[in-house]
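Note sheet for the following structure.
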Amino acid sequence: MEDTERSGEKAFSNGDVYLGNFKGVLPHGKGKYIWSDRTVYEGDWEDGKMTGKGQIVWLSGAQYEGDFAGGYIHGFGTFTGSDGSIYRGSWRMNIVHGVGKKQYCNSDVYEGTWKEGVQEGSGRYSWNSGNMYIGSWKGGKMCGRGVMKWANGDLYDGLWLNGFRHGYGIYRFVDGGYYFGTWSQGLKDGKGLFYPAGSKHPSLKKWCSSRNCDKNGKNLSSLKSEGKRSSIKRSLSEKISVGGFLKSSSRISHGGASLKENWRRSDSARDFLCHDTSCTLSNSSEVGQLELQDNNALVYEREYMQGVLIKEKIGNYAEVPQEHKEHNKFHADEVKKKSCIDIFDGRWSHYLRLNLQLGIRYTVGKITPVPVREVRSSDFGERARIRMYFPKKGSQFTPPHDSIDFYWKDYCPMVFRNLREMFKLDAAEYMMSICGDDGLRELSSPGKSGSIFYLSHDDRFVIKTLKKSELKVLLRMLPNYYCHVGQHENTLITKFFGLHRIKLRGGRKVRFVVMGNMFYTELRIHRRYDLKGSTHGRFTDKNKIHQNTTLKDRDLAYEFHMDKLLRESLFQQLSLDCKFLESQQIIDYSLLVGLHFRAPEQLKSLKPPDTIHTCESSPSDDGENSKGEFQIPPNGLRLVTHEPNSVSTAPGPHIRGRTLKAYSLGDREVDVLLPGTARLRVQLGVNMPAQAHHKLHHDKEDSGEVELFEVYDVVLFMGIIDILQEYNAKKKLEHAYKSIKIDPTTISVVEPNLYARRFTKFLEKVFPDLP
């Protein structure tokens, strides 16, 4: 019969030869296949395809032994490269995928998870130099939470991005000193606390326990009970909490016991993390704080800029503001969890976010197919609303959901649809940014409004709750606002993209406005200032200042020197925007300014004093940076002629307007070049280069804080915010009352014309006109 198994030999016309069992005319069972290029496979076959156990040897000397399926290397096996490297672990469709261990030809070793041939998930990389990293990987690079120990004994435990330290972390020096702070692209960047060797420092006992929680505070140790195969890809914190790196893996089969045994023997992972760090690993799910051994511990409050120390204050731990101590806790996310409105704490806030996402997805999906047209007066009227009821169980028009029943109202949908298109926002991207599975993050209010702020997962949009009076102001001024932003593409006024209302059971109504995030940038924002031009009460208690505090007028310690034409463009637009706000009887607005500092130009040949040999972004080579120590990149800013195809970073997802011209380059459009970082397009309020000249601040004369430099190169981001406060009868009474006790020119509440003139005059001092 045709299907009867038989043995034999068959030569093919292309020179290939098969020796073994057949089923009909197809290789089936045991057999050996020799290709014309002398590659040899010997093992199991099924219906003409390599399936089962087998070994393949290439002419180069490379060989694989293990599982096959459907003609592919698939399952578990060992690959020995022609260069002497050895990989033992999981495969999928001829590609390394899953859990495995690879020893490179230079004796480097990686043990952990792989995805499509590169390291991704949790893993440990050991360099032949003695350096070792245990932590998260993405795309073959260290990314996420991880611990790096260098051969000289230094250790860093914190966040990584693209192979560099990036975010919060703790650096322990071999001499016993500690630094708690933030990094950007491998260099210290921002504020931190340094405990020198020999001084008492915080106990890390509870801090190690806190590693059992992810950035959302979820207890990772509880996830182990799920028993799913995908658990091997979870964060390193979960694996460390059981005292043996990845020892619970169940993904290895078909001879993988020896590899699993290697994982179990990795008790060095525990020693690696805890050796000489005064800490013990614990399975406790409690997120602890650093316990101080002595309130008189010597501590240095420091601030760095691209690895350069720019400010230092020496004191003891008891004198450090509580907000600074908070940075000693490990934060994988800078977002504050506590809401400003008690009724929306906990599950209510969660429901509110879900309702908002459901409503926006429905509204945008409904309005997008409508043909584009110019807005009409009826698009601003009372009837320009979309209303819908969202029952939990779903309806003919709405899907079932996990939130509570709610009523949805969308204001002026055609107007905001046109505004989004005016700022070149794609409807699908807009929905994915706000309504995607990653959800919204809640922020605490930087002001006294009591509003709830949400940030989209990709940081592109800010969503703020409004009072009923603010909603009325926005609806009243919306026709003129639409005209203003349409006529002035460089406007600095807040970009509005949606206005919505949610009505919950019981009649409570919550109103939201969606705005563009003016600080959406790859650059780190080191300082934030909210500038109104008034002086009464416009300062921040120094004990309440932390790294992300938005400072006020009297806190501003700099004046900014800009190119003549850049400054001229700024004040031309400020004048136009202030006239518009004055015409709408708006006061209490402010210029929100974000500063990205660059290390001083004269230090570009220096190196950070505490850096040592570290790993390459991709450990596929010899594991060490080819440049040796971390170099401070060439610093300073440089204006260059604008080249559209050379700009590596877009100015933002909702920035409209022309590229600005610079006087220093002969009145030509310009980009700003940040050596070692990017080439950025300069637009009004975005990527604007300047020099920040430090002014002596009387509040710091006796603080013991040392400013090491007087001039910095900065990149500015700015925009006019809080434009929904109308100068009404209530505000007039407030002005009259405060004027009795306080100089009326210093208070925030003044009539619109005076407010606009004072606002502009103050900014002229902040951005002085240079001769």
Side-chain angles (χ1 to χ4, degrees), residues 161-162 164-167 181-192 302-312 518-529 547-548 551 556-563 566-567 570 593-611 627 629-640 642 646-652 660 662 664-665 670-683 685-695 706-718 766-767 770:
L161 181 67
N162 295 326
F164 294 101
R165 289 168 282 179
H166 192 90
T182 56
W183 279 257
S184 290
Q185 296 296 315
L187 298 172
K188 292 176 184 172
D189 203 4
K191 295 182 179 180
R302 289 181 170 177
E303 184 171 0
Y304 286 85
M305 186 186 302
Q306 288 92 55
V308 177
L309 180 65
I310 64 168
K311 189 183 297 183
E312 181 176 77
M518 66 183 63
F519 292 160
Y520 175 74
T521 173
E522 295 180 0
L523 302 182
R524 180 182 180 85
I525 301 297
H526 296 97
R527 292 278 197 287
R528 298 166 174 82
Y529 289 96
Q547 189 142 297
N548 294 319
L551 303 172
L556 185 62
Y558 307 97
E559 60 179 29
F560 304 102
H561 298 176
M562 305 175 68
D563 178 274
L566 296 184
R567 182 186 183 277
L570 172 63
V593 181
L595 311 181
H596 170 77
F597 285 91
R598 302 299 293 179
E601 172 70 22
Q602 64 269 29
L603 298 179
K604 61 183 170 184
S605 61
L606 300 182
K607 300 176 183 179
D610 56 357
T611 56
K627 296 181 181 179
E629 294 180 325
F630 268 126
Q631 301 278 348
I632 297 237
N635 301 296
L637 306 176
R638 190 155 58 93
L639 286 175
V640 294
H642 176 60
S646 299
V647 178
S648 61
T649 304
L660 295 187
S664 57
L665 284 185
V670 293
D671 299 332
V672 59
L673 189 64
L674 283 67
T677 304
R679 180 189 182 115
L680 307 173
R681 180 182 177 191
V682 179
Q683 291 181 262
V686 181
N687 301 327
M688 297 187 70
Q691 277 195 334
H693 288 247
H694 188 269
K695 300 183 296 184
V706 179
E707 292 278 357
L708 301 180
F709 304 98
E710 296 299 322
V711 180
Y712 303 99
D713 289 319
V714 294
V715 182
L716 301 175
F717 299 82
M718 66 184 80
V766 175
F767 303 95
L770 302 178

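Numbers here simply count residues along the sequence, with the first being 1.
Expressed to the nearest 0.5 Å, how far CG of N687 lies from OG1 of T521 amounts to 6.0 Å. Taken from CG in L595 to CG in L556, the straight-line distance is 8.0 Å, to the nearest 0.5 Å. Once rounded to the nearest 0.5 Å, the distance linking CZ of R679 with CG of L674 reads 11.5 Å. Here the NE2 atom belonging to H561 is positioned 8.0 Å from the CD atom belonging to Q691, to the nearest 0.5 angstrom. Atom CE of residue M688 and atom CZ of residue F560 lie 12.0 Å apart, to the nearest 0.5 angstrom. Between atom CH2 of residue W183 and atom CZ of residue R165 there is a gap of 6.5 Å, rounded to the nearest 0.5 Å.
Looking at F717 and V593, their side chains never come closer than 4.5 Å, going by heavy atoms from C-beta outward. In this structure, the side chains of P689 and L680 stay at 4.5 Å or more apart for every pair of heavy atoms. Inter-residue side-chain proximity for H166 and Q185 is flagged as met; some heavy-atom pair is nearer than 4.5 Å. R681 places a side-chain heavy atom less than 4.5 Å from the side chain of D671. In this structure, the side chains of F767 and L716 come closer than 4.5 Å at one or more pairs of heavy atoms. Between Y712 and I310, some side-chain heavy-atom pair lies under the 4.5 Å cut-off.
Among residues two or more places apart in sequence or in another chain, the side chain to side chain contact (heavy atoms under 4.5 Å, CB included) test is passed with H526 by D189, Q306, R524, H596, F597.
Across every non-hydrogen atom of Y558 and A692, the tightest pair is CD2-CB, 4.0 Å. Closest of all the heavy-atom pairs between A662 and V670 is CB-CG1, 3.6 Å. Smallest separation of non-hydrogen atoms from A557 and Y529: N-OH, 4.2 Å. Annotation for L660 and Q683: closest pair CD1-C, 3.8 Å, computed over non-hydrogen atoms.
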